[in-house]
Amino acid sequence: MEKRRYDVWQAGDAYERYMGRWSRPVAREFVAWLGGEDGRRWLDIGCGTGALTAEVAARRAPRVVVGLDRSAGFVASARAGGPASARFAVADAMALPVRDGVCHMAVGGLVLNFLPAPGAAVAEAARTVRPGGLVAAYVWDYAEGMAFLRHFWDTAVALDPAALALDERRRYGVCRPEPLRALWTEAGLTDVVVVPITVPTVFAGFAELWEPFLSGQGPAPGYVAALAPPARDRLRDALREALPTRADGSVGLSARAWAVKGRKPERPAI
């Protein structure tokens, strides 16, 4: 089973319905955790639909905040819905079109595990910040913390063991505290800290949870799109039965992210 073709994110609206809306409360907590002074220069790497960029603009009064993403569709969505003070451009996280040491903060939300070489991307982010600046990011805790995905994949694998090859828990080993800490340390960053950020994910009903899985974008929706209709219906019905549904039909779950930050040394290590 070819995995990379399932890691496709292009349309902002589909991403918002599936994962983007949960990124916004995480982004809010992440920006608060970072702290720091207003009037700084921020770079949002892999900005997607602009959730993190918008939080920076709203809460940190940046001198400038620039969101970069390799998906032109995401950049278009970010521009359309983002703050007027932010700038957006299409760019690759592995080769940032930014001079050395010009930013105070280089951040990224929910992108690191989708990059071909996460370590190189962290080093590239560190290149753009000035001495004393911060490099920080957050990723979903696919192993244990994303409840609606855990229910989805546990149900899918029970019906089709081949689905295990696409489960993010198995594939995205970088989305754990120690691998994150190692990436930041190996990039030469100091004072590295990793913390959890947990937010509620409440669905008004099963349809609100299930329909985003039909978008075809991302590992789980890509898997659903590849199923024959009868198999898709079996998965849908089994997932409905597996979920903890409240008396009013709503489904109350939670999502956890791991956030990491580290500081660029004031002086190069000797």
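Note that the numbering runs from 1 along the sequence shown for the chain. The structure displayed is predicted, hence computed values, not measured ones.
Side-chain heavy atoms closer than 4.5 Å link hydrophobic residues (I, L, V, M, F, W, Y) into clusters, and following such links, even through other members, never connects V64 to V56. Both L159 and L214 belong to a single network of hydrophobic side chains, linked directly or stepwise wherever heavy atoms of I, L, V, M, F, W or Y lie under 4.5 Å apart. At a threshold of 4.5 Å between side-chain heavy atoms, the hydrophobic network of Ile, Leu, Val, Met, Phe, Trp and Tyr places L96 and W42 in two separate groups. Residues V202 and W210 fall into different hydrophobic clusters, defined by Ile, Leu, Val, Met, Phe, Trp and Tyr side chains chained together at heavy-atom separations under 4.5 Å. By the rule that hydrophobic residues join a cluster once side-chain heavy atoms approach within less than 4.5 Å of another member, L209 and M146 end up as members of one cluster.
Contact check for L235 versus Y223: side-chain heavy atoms found under the 4.5 Å cut-off. Put simply, the side chain of L112 does not reach to within 4.5 Å of the side chain of Y172, judged on heavy atoms. Side-chain contact between T245 and F206 is absent, with no heavy-atom pair separated by less than 4.5 Å. Using a 4.5 Å cut-off on side-chain heavy atoms (C-beta onward), P244 and H151 make contact. Contact of the F148 side chain with the L239 side chain is not registered, since no non-hydrogen atoms from C-beta on lie closer than 4.5 Å. In this structure, R169 and R150 have side chains that are in contact, with non-hydrogen atoms separated by less than 4.5 Å. Counting only heavy atoms from C-beta outward, the side chains of P219 and R171 approach each other to under 4.5 Å. Looking only at side-chain heavy atoms (C-beta outward), F30 and E55 stay at 4.5 Å or farther from each other.
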Verify side chain to side chain contact (heavy atoms under 4.5 Å, CB included) between R24 and T49, making sure each step is shown before the conclusion. CA-CA 10 Å; R24 296 184 184 279; T49 55; 4.1 Å; yes
Is there a side chain to side chain contact (heavy atoms under 4.5 Å, CB included) between V174 and V139? Walk through the geometry before answering. CA-CA 9 Å; V174 71; V139 294; 5.8 Å; no
Applying side chain to side chain contact (heavy atoms under 4.5 Å, CB included) to V98 and V66, what does each step give before you reach the verdict? CA-CA 10 Å; V98 179; V66 178; over 6 Å; no
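The distance from the CZ atom of R87 to the CZ atom of R79 is 11.5 Å, given to the nearest 0.5 Å. In this structure, R170 CZ and L164 CG are separated by 4.5 Å, a value rounded to the nearest 0.5 Å. With rounding to the nearest 0.5 angstrom, the CZ atom of R99 is 10.5 Å from the CZ atom of R127. Of the inter-residue distances, the one linking E144 atom CD with C175 atom SG reads 13.0 Å to the nearest 0.5 angstrom. To the nearest 0.5 angstrom, E241 atom CD is 10.5 Å from T155 atom OG1. Taken to the nearest 0.5 Å, the CG atom of L243 stands 6.5 Å off from the CG atom of L253.
Of all heavy-atom pairs between P179 and G173, the closest is CG-O, 3.4 Å. Here the shortest heavy-atom pairing between K264 and V129 reads NZ-O, 2.8 Å. Of all heavy-atom pairs between A259 and I197, the closest is CB-CD1, 3.8 Å. Minimum interatomic distance between A136 and K261 (heavy atoms only, all atoms of both residues): CB-CB, 3.7 Å. Between G108 and D44, the shortest heavy-atom contact is CA-OD1, 4.1 Å. A89 approaches V75 most closely through the heavy-atom pair O-CG2, 3.6 Å.
Environment of CZ in R130: crowded, with over 12 heavy atoms of neighbouring residues, nucleotides or ligands closer than 6.0 Å.
A salt bridge does not link R70 with D92: every distance from a Lys NZ or Arg NE/NH1/NH2 to an Asp or Glu carboxylate oxygen is 4.0 Å or more.
A donor-acceptor contact closer than 3.5 angstrom links the side chains of S250 and D248.
Taking the six-membered ring for Trp, F203 and W22 have ring centres closer than 6.0 Å. Ring pair F74/F88: centre-to-centre distance not below 6.0 Å.
Looking only at distances, a side-chain donor or acceptor of R232 sits under 3.5 Å from a matching main-chain atom of V224. With H104 contributing its side chain and R41 its backbone, the two residues share a donor-acceptor pair below 3.5 Å.
Between E168 and the options W140, Y142, W153, a side chain to side chain donor-acceptor pair (under 3.5 Å) holds for only W153.
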